[in-house]
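Here the structure is laid out as C-alpha cells; the discussion comes afterwards.
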Amino acid sequence: MDERYDPARVERAAQDYWDSRQVFAAREGARGEKYYCLSMFPYPSGRLHMGHVRNYTIGDVLARFMHMRGRNVLQPMGWDAFGLPAENAAMANGVPPAQWTRENIAYMKRQLRSLGFAIDWEREIATCDPDYYRWNQWLFLRMLEKGIAYKKTGVVNWDPVDQTVLANEQVIDGRGWRTGALIEKREIPMYYLRITAYADELLGALDGLEGWPDRVRTMQANWIGKSVGCEIAFPYADDTNEVMGAAGALKVFTTRADTLFGATFMAIAAEHPIALAAAQRDAKLAAFVDECRRGSTMEADVATQEKKGLPTGLHVRHPFTGAPIEIWVANYVLMGYGEGAVMGVPAHDERDFEFAGRHGIAIVGVVKSRRGAYDQVVAPWIHAYGEYGITVDSGEFSGLESEAAVDAIAAKLEERGLGAKRVQFRLRDWGISRQRYWGCPIPLIHCPACGDVPVPDADLPVRLPEHLVPDGSGNPLAKTPEFVDCACPKCGGAARRETDTMDTFVDSSWYFLRFASAGNDHAMVDGRADYWLPVDQYIGGIEHAILHLLYSRFWTRVMRDLELVKIDEPFARLLTQGMVLNHIYYRQEGGARRSYFNPADVEQRDGRSVLILDGEPVVHDGLGTMSKSKGNGVDPQKLVEEFGADTARLFMMFAAPPEQSLEWSDEGVHGAFRFIRRLWKAVHDLVSQGPLPVADFATLDAPQRALRRLTHQTLAKVTDDIGRRHTFNTAIAAAMELLNGAVRIDTSEAAGRAVAREALEVIVLTLSPIIPHVTHALWHALGHERALIEEPWPQPDPAALERELVELVVQVNGKLRGRITVAAGAPDDVVRAAALAEDNARKFINDAPVRKVIIVPGKLVNVVV
RNA sequence: GCCGGGAUGGCGGAACUGGUAGACGCGCCGGACUCAAAAUCCGGUUCUGGCGACAGAGUGUGGGUUCGAUUCCCUCUCCCGGCACCA
C-alpha cells in the first residue's frame, strides 16, 4: 500500500474495476428485490455544475447503499436534450442545436463518468434521438384518438419586431429580450392535453404518496386547487342584450354564493366577448382593452400589477332581485381561468373591496361575522369581513349560516335554471404546442381538403431536420419546404406539415419508463417496465415540485388507461434536493438584453461589485439557482482535478442535508480532502505494523471497550442516517468522530490493533457509498480479497453497545446546574437522591421545598422548587 | 400578489419524538516539527463578567403554551423555490 493518497490513481483503478466487470449493468430478475433509483436527468447545457454533483451524488449514495443491502439496483442516466438553450447557443455561435447538444452530451458524460457514479450506461437515452421522440408522437396520436389531446386557442408572448413567439423567460419587464419591443399577447391555435380530466384522481392519490415530502404534496394539492362552489348566470339587462345582439347571461363561478346579495359589480377579462363588443362603441374602453392585451402572460406579473378597471356602461340583472349590476372590464380577471368573469362583492372579498374603493362602487354587507362584531364594512379591510357568518339583507335567504346559505341559494338557482353547484379546479389543461425548432415535431398534417390529419403510425417518427440554425425570427421549420411540404395521408393532395414542436415537459414525462424498456424498436414500453416500475427512489430539485412531477403523474395514468403500464404512480419515494445557489451579476445591454457574469469573475471594491477583467461595475441580482442562463454555475471539474471525485462527493454531501438549499462556497473543501487523507494514513499505519490479528473482543480494557462501543454506535447511526433520514452530513460527521477515536487507541498490542481495525473497516464500509473509490482501495489494503462493492452492509453488535454507567444532567427549574453518573437502568428513587445530592444543584435548591422532580430516563433530572 | 420552504457562533451546519444549544468540519489564535515554508500533529475558539470554580445572556423579530421551547402556537421581517413557454 502506498503511504501517500493519490486520488487520480485510486479513482482510475476503482473505475476500471467496475467498468471491466459491468458491475452496474442492471438485469431484470437478478439478485434480490428490485430497487429503481433515479435522479432527474440533466439538460445538456455544456458542463455539469454543483447542483448536478449534489443531485447525482445523493442518488449514487442511495443506489450503492441499496446494492450493499442486497437489492437489485437500476440507476440509469440520460439527457433532457430538447429545449431553448440550444437555440440560443445556435443564435450566438451559428452552430446547429443538434451539434451543440450532442457535443455537450459527450463532454458531460465524461464528467459524470469521472465522478464514479454507479450508472448503467447501456440504457442511456437522449430525448432528441428519433428512437426516443417517436414514442412521444405515437402516444400523442393515441391521446388524440381518445380525446385527451385536442386543439384550441391559447395566449402567447408575441414580439412584433422579431415576428416571433417568446418564452416567458425571454420577456423582461414586458419587453422582448433581443429587440426591446413591447410584447403583445396573441391568440393562436395550439394542442392541449386534458390533464383536468384527471384532476380529481391526481389530487386524491396524493394522500397515498407517503414516500413524498409533505411540502410537495401540499404544493400539488394547492396547484390542482379543487374548489366546490356555484356557477351563477346573471341574465343580461336590456343594454347588454342590445350590444350582444341576443339575450344571454353572464356566467361566473364563486365559492361564496352566500354573498350573492352583496354583488355590486361584475368584472370581466379584457378578452371577454362582452368586453370586445362594448369596446366597439367606446373608444376609451377600446384603448383599455388594447392596453390589457399588452404586457406579460405570467401570473406573477398579472397578480402584482396595479389593478385597473373601466366600466362598460352595460349591465346584468341580479338573479333574484333583478336589480341592475354594472359590468366592468378589469385587468386582473383572466380569460383562461373559469368563465373569464367574476362577481364583485366588495364587502366580503379583499380584492373586490380595493377595486370598489378605487372606483366608487357601492359596498353592501350581507354577512355578519360570527365572532368579530362590526357594524359596517369600512376601510381599512379587516380579516373578519371575509369570514363565514350569518347572512343578512339577503331576501328569503337572510338569517342562514353561510354554509347553509350557499346550499339554499344554489338549490334555488338550479330550480330557476340560473346556476348550479359545481366543482372548479385551478388546474388548467396542458398546452404543449411550442412555436420552436428544437423539439419533438407534433405529428400532424394540415390538408386544405381534409383538415388536420394525423401522421399514420407507419410514418413515424416525423424526423426533425438537424442542420437548421435558428436566427431568432420565428421557427426555422416553417421556412424549410423539405419539412413543411408533404402529401395528405388521406387524400394524397398537397398539404403542410405542422411546424410546432412539443413542450419539453412531454419528453421528461415518461423517460423513466423508457429506461426500463431501453432499445425496444417495436414498442414504447415492454414487460421490463412492469418489473422496474414504479421508481423506488426519485431524486431531483425542489424546483420541479409541481410541473414536471404532476405532468409525469398524469402521463403515467394516460399510459395506464391505454394498458401500456400497470402502475398509477410513477415515483414511490421522492427526495427533493435543495437548490445550490450562487450570486447573480449582470450588465444591461441593448434592448432588454442582459449579459450575466460568473461570481468567480466579480469582486467587491469599495462596497460595489465590479468585473475583475475591466474594473467596471456590474449589477448584483441576489442569489439564485446555478444555471446557464444566469451564468452563475460552478464547474466541478477543477475540484475533481485538484482533489479527486471522492473529495468532491464527500464535500458536497457534508455541506448540508440534501433537502436544504445551499449557498455555494468551496471553503471547507480542504477539510474533506484532509479527512480522506487521514483515513488513508490511519489504514496505512495500521497495516504497516504487521499482520492484522484475529480479535478476541471478550478481554478488552476500558479504552478498547469504549472504542468498540463507538464503532457499533457509529455503524447504527450511519445506517439510519443514510437509509432512513438521508442526512449524509451527519453520517459523515459520525464517521469522522469514529476516525478521531480510532487513531487515538494504543495499537502496540494485538487487542488494540484488532479494535482499531474493526473501527476502520466500519468507516470504510459505511462511507463507501459516498467515497467509493478510496474505500475500494482501502478495503483491499485491509486484507480483503473480495471487492468492496460485493460486500454486504454490516450489522452492529448489540453486545458492544452495552454500558454500565450513564451520565445525567441535573437541572433546577429547567436550568442546567450539574451532572451525575449513575448505573445504567438505576431506579428513579436512586436517580432522584443522586440529583438532590449534587453539590452545585444543592446551592440552587437552597433548602427550598422541592415541588416536583422530573426524570427523563438516560437524559436528565429536573428539580422544580 | 398567491402557494411552499428557510433563518442557530466569524462560516457550513448538529441537536431525529418538547429534555445538556453549538456535534462534525472550515476559518482563526497559540504551540510542536522545520534553516524556512507547505504538509502534519497537539491545545483553544458563542458572547459578557471572573485568575478560576462559576454566573448571566443567547437559536431572525415580538408575544404565547410548558417544570423545560432551536423544536409547538400566533405576529412581523428578510431570504430561497414555484406561479403553467427556463428546465
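On a predicted model such as this, the values are computed, not experimentally measured, just so you know. Letters A, B, ... are given to chains in the order of the sequence lines, protein chains preceding strands, and every chain is numbered from 1.
Considering only side-chain N and O atoms, A:Arg678 lies nowhere under 4.0 angstrom from the phosphate OP1 or OP2 of B:U40. Regarding contacts with the backbone of B:C67, every side-chain N or O of A:Gln811 stays at 4.0 angstrom or more from both OP1 and OP2. Not one side-chain nitrogen or oxygen of A:Asn222 sits closer than 4.0 Å to the OP1 or OP2 atom of B:C83. For B:A87, the OP1/OP2 oxygens have a side-chain nitrogen or oxygen of A:Thr504 closer than 4.0 Å. Between A:Arg725 and B:A15, a side-chain N or O to OP1/OP2 separation shorter than 4.0 Å is present.
The distance from atom CG of A:Asp839 to atom C1' of B:A53 is 12 Å, rounded to the nearest whole Å. Across the protein-nucleic acid pair, A:Arg677 atom CZ and B:A39 atom P stand 8 Å apart, rounded to whole Å. Protein atom CD of A:Glu737 is 14 Å distant from nucleotide atom P of B:A14, rounded to whole Å. With rounding to whole Å, A:Lys815 atom NZ is found 10 Å from B:A55 atom P. Atom C1' of nucleotide B:C86 and atom OH of A:Tyr551 are separated by 13 Å, given to the nearest angstrom. As rounded to whole Å, 11 Å separates atom P of B:G18 from atom NZ of A:Lys859. In this structure, A:Ile855 atom CD1 and B:G18 atom C1' are separated by 18 Å, rounded to whole Å. The distance from atom CE of A:Met736 to atom P of B:G13 is 15 Å, rounded to the nearest whole Å.
Atom C1' of B:C3 sits at a distance of 34 Å from the matching atom of B:G22, rounded to the whole Å. Comparing the P positions of B:G25 and B:A14 gives a spacing of 15 Å, expressed to the nearest Å.
Residue-level contact check: A:Arg215 touches the backbone only, with heavy atoms under 4.0 Å from sugar-phosphate atoms and none from bases. Contacts of A:Pro657 with the nucleic acid, taken as non-hydrogen atoms under 4.0 Å apart, involve only primed sugar atoms and P, OP1 or OP2. Using a 4.0 Å heavy-atom criterion, one finds that A:Lys628 contacts no nucleic acid atom at all. Residue A:Tyr332 is out of contact with every strand shown, counting any heavy-atom pair closer than 4.0 Å. Within 4.0 Å of A:Gly624, counting heavy atoms only, lie sugar-phosphate atoms of the nucleic acid but no base atom. Note on A:Met652: nothing from the nucleic acid sits closer than 4.0 angstrom, heavy atoms only. Within 4.0 Å of A:Trp223, counting heavy atoms only, lies at least one base atom of the nucleic acid. Across all strands shown, A:Lys717 has heavy atoms under 4.0 Å from base atoms, whether or not it also approaches the sugar-phosphate. Within the nucleic acid shown, A:Leu427 comes within 4.0 Å of at least one base atom, counting heavy atoms only.
Salt bridge status for A:Arg434 with A:Glu87: absent, with no side-chain N to carboxylate O gap under 4.0 Å. Salt-bridge formation is not detected for the pair A:Arg832/A:Asp828: no Lys NZ or Arg NE/NH1/NH2 atom is positioned less than 4.0 Å from an Asp or Glu carboxylate oxygen.
Ring pair A:Trp555/A:Trp430 is perpendicular by interplanar angle, where above 60° counts as perpendicular and below 30° as parallel.
Side-chain atoms of A:Asn813 stay outside donor-acceptor range of the base of B:C67, with no qualifying N/O pair under 3.5 Å. Under 3.5 Å, the side chain of A:Glu659 and the base of B:G5 form no donor-acceptor pair of N or O atoms. One donor-acceptor pair, N or O on each side, does fall under 3.5 Å between the base of B:U20 and the side chain of A:Arg819. Counting atom types as modelled, A:Arg724 pairs a side-chain N or O with a base atom of B:C16 as donor and acceptor under 3.5 Å.
Among B:G13, B:U20, B:G27, the nucleotide with an atom closest to any side-chain atom of A:Val809 is B:U20. Closest to the side chain of A:Leu816, out of B:U20, B:G19, B:A87, is B:U20. Comparing atom distances between the A:Asn729 side chain and each of B:A84, B:U40, B:G13 picks out B:G13 as nearest. Nearest nucleotide to the side chain of A:Ala303, out of B:G1, B:A14, B:G27: B:G1. Considering only side-chain atoms of A:Arg817, the nucleotide from B:C67, B:G81, B:A55 that sits closest is B:A55.
Where A:Met219 and A:Ile546 each meet RNA chain B at their nearest nucleotide, the meeting point lying more 5' is that of A:Met219. Residues A:Val743 and A:Ile732 both approach RNA chain B. Their nearest nucleotides, taken by heavy-atom distance, put A:Ile732 toward the 5′ side.
Within 6.0 Å of the NZ atom in A:Lys859, the count of heavy atoms belonging to other residues, nucleotides or ligands does not exceed 12. Applying the 6.0 Å contact sphere to CD of A:Glu667 captures no more than 12 heavy atoms from other residues, nucleotides or ligands.
At distances below 3.5 Å, at least one donor-acceptor pair connects side-chain atoms of A:Ser508 with backbone N or O atoms of A:Phe505.
Annotation: cation-pi geometry not satisfied between A:Arg594 and A:Trp177 (NZ/CZ under 6.0 angstrom from ring centroid, within 45° of ring axis).
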